[in-house]
Amino acid sequence: METLHVVIVGAGFGGLAAARELADAPVRVTLVDKNNFHTFQPLLYQVATSGLASADVAYPVRGIVARQENLAFRQATVIGADLGAKVLHLQHDEHEVEDLHYDHLVVAAGASTNTFGIPGVDHHGFPLYNLADAVRLRNHVLERFEAVDAEPALIDEGALTFVVVGGGPTGVEVAGALTELFKMVLRKDFPQLDIDRARVVLVEMQDHVLGPFSPVSQRHARRALEERGVDVRLGVQVARARGNQVTFADGEELPCQTLIWAAGVQANPVGAALGLTTGRGGRIEVLPDLSVADHPGVWAIGDVAAIVDAKGRAGTLLPQLAPVAIQSGRHVARQICCVAAGRPAPSAPFHYRDKGTMATIGRSRAVAELPLGIKLRGFPAWLAWLGLHLVMLAGFRNRISVFANWAWNWLTYDRGPRLIFRARSTKE
């Protein structure tokens with residue numbers, strides 16, 4: 001029997017989990033991603049706030065899969081497919097196009113930022129979903145301080161006002177990290193500036209932060225943020241964004257030159273490009289076993305898939321989180337393994353095992369909610385958060401580097417990569 005060819009689109013958490021699960025299966029695996037590196041998204045906010053270097057949260061895909069003999073990697077962009085002929089169309093550059101035949105196609109392309117069509121946010125907002133976003137935001141934050149150091153009057157124009165939209169884990173973590181950067185690090189870098197005039201405003205449309213958490217954890221997080229000087233505004237929506245101003249739904253206009261958008265995500269548009277049926281947030285409609293109806297051999301996992309929560313209310317989708325992507329990737333790979341072994345696919349429904357949720361609020365402060373009703377707050381939760389993220393990082397070198405940076409930050413109240421760095425298109 002001819003060896004099955006499995007093509008996985010996306011080298012994120014879900015795609016890598018599926019690829020690893022197929023390591024010992026009698027199949028050929030081709031992993032496709034537009035980048036040649038895997039990004040550890042949970043720590044992007046630390047790159048944006050000068051806590052970690054870019055290389056600490058990214059690792060070459062080829063280095064991750066180097067020992068997997070049945071896997072090949074393609075750096076390319078998916079531009080379409082002939083699902084009937086089982087052919088995936090890839091683009092390597094502006095001119096080179098490749099047709100890649102497959103027996104099974106696993107779509108694991110992740111998600112992108114969702115600005116909900118609010119005027120000005122796409123143009124003036126700073127999303128935080130990929131490595132380029134994090135570096136761009138770090139550059140901008142540091143440039144605001146450099147500009148104000150040269151012309152202090154810019155403070156009145158909002159140069160040191162940083163609005164973070166979205167009170168989920170990303171928004172809370174960014175807000176906490178920014179206040180620490182300003183008060184502990186940039187205060188020493190800019191001794192002539194009145195750093196206390198730098199403001200971090202966290203905006204959330206709900207009446208609480210950290211929606212997935214219990215009320216106790218939500219209150220702890222809000223209190224910890226306010227103790228650090230964050231202006232937490234609940235029940236507030238952004239109506240419009242400009243380069244130097246944010247307008248809220250109640251009509252308030254706040255001078256601000258930095259709008260950080262952490263309010264939501266939507267599925268990667270690859271589903272529509274492939275001609276697959278999509279639903280809420282552009283997520284691909286899947287059956288309970290994560291296969292795509294009417295397209296044999298096509299699967300969708302992680303953020304890009306509309307996976308119904310079997311334990312939740314009817315129609316409730318699982319959150320777009322790394323654990324969901326990892327578990328769904330393994331689930332699909334196991335079904336493909338059955339087919340490769342000559343057994344019929346079990347069509348087993350996917351059941352997500354919630355192993356808990358964590359969010360850090362800054363130095364020595366975090367919240368963690370684990371199975372069996374275990375809830376941690378403060379320093380114990382922070383240690384648990386550190387340990388989990390170190391274990392999940394790809395690459396031993398990255399783990400050592402991140403641990404060293406965290407230890408240095410803890411001991412010295414300092415941060416290393418405070419660099420304004422831009423790639424140049426021409427030689428200087």
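Note: hydrogens, waters and symmetry copies are ignored here, and every other heavy atom, side chains too, is used.
Side-chain contact between His38 and Asp33 is absent, with no heavy atoms from C-beta onward closer than 4.5 Å. Within the 4.5 Å cutoff, the side chain of Phe13 has no heavy atoms near those of the Val324 side chain. Taking the side chain as every heavy atom from C-beta outward, Ile336 and Trp299 approach each other to under 4.5 Å. Inter-residue side-chain proximity for Val201 and Phe162 is flagged as unmet; no heavy-atom pair is nearer than 4.5 Å. Asn36 is not listed as a side-chain neighbour of Val61, based on a closest heavy-atom distance of 4.5 Å or more.
Inspection of the His331 and Gln335 side chains reveals an N or O donor paired with an N or O acceptor under 3.5 Å. Side chains of Asp56 and Ser401: a donor on one and an acceptor on the other come within 3.5 Å.
Side-chain N or O atoms of Arg138 include one that pairs as donor or acceptor with a backbone N or O of Leu419 at under 3.5 Å. Panel note: side chain Asn268, backbone Ala109; a donor-acceptor pair is recorded below 3.5 Å. Side-chain atoms of Ser328 come within 3.5 Å of backbone N or O of Gly302 as a donor-acceptor pair. The backbone N or O of Pro215 lies less than 3.5 Å from no partner atom in the side chain of His208, so there is not a single donor-acceptor pair. A donor-acceptor pair is defined here as one N or O able to donate and one able to accept, closer than 3.5 Å; no such pair exists between the side chain of Asp303 and the backbone of Ala267. Side-chain N or O atoms of Trp261 include one that pairs as donor or acceptor with a backbone N or O of Asn114 at under 3.5 Å. Of the possible polar contacts, one joining the Gln327 side chain to the Arg353 backbone as a donor-acceptor pair under 3.5 Å is found. One N or O on the side chain of Gln218 and one on the backbone of Leu210 form a donor-acceptor pair closer than 3.5 Å. With Arg415 contributing its side chain and Thr49 its backbone, the two residues share a donor-acceptor pair below 3.5 Å. Not one N or O on the side chain of Asn35 forms a donor-acceptor pair closer than 3.5 Å with the backbone of Phe37.
Under the 4.0 Å criterion applied to side-chain N and carboxylate O atoms, Glu204 and Arg222 are not assigned as salt-bridge partners.
Remark: Leu181 CG to Asn409 CG distance equals 10.0 Å, nearest 0.5 Å.
In this view, Phe403 and Leu390 satisfy the side chain to side chain contact (heavy atoms under 4.5 Å, CB included) rule, not counting sequence neighbours. Phe145 is linked by a ring-ring contact (aromatic ring centres under 6.0 Å, His included) to Phe182, Phe190, counting only residues two or more places apart in sequence or in another chain.
Of all heavy-atom pairs spanning Gln320 and Ala111, the tightest one is NE2-CB, 4.2 Å. The two residues Gly297 and Lys86 make their nearest non-hydrogen contact at CA-NZ, 4.5 Å. Of all non-hydrogen atoms in Phe350 and Ile307, the two that sit nearest each other are CD2-CG2, 3.8 Å. Residues Ala306 and Glu285 approach most closely at CB-OE1, 4.2 Å, considering heavy atoms. Residues Val163 and Cys256 share a closest heavy-atom pair of CG2-SG, 3.6 Å. Pairing each heavy atom of Ala221 with each of Val209, the nearest pair is CB-CG2, 4.1 Å.
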Next on the checklist: Would Phe248 and Val238 count as a side-chain contact (heavy atoms from CB on, under 4.5 Å) here? Give the steps.
Outcome noted: CA-CA 4 Å; Phe248 298 112; Val238 172; 4.1 Å; yes
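Ring centroids of Trp406 and Trp382 are separated by 6.0 Å or more, keeping the two rings apart.
Classification of the Trp410-Phe379 ring pair by plane angle, with boundaries at 30° and 60°, yields tilted.
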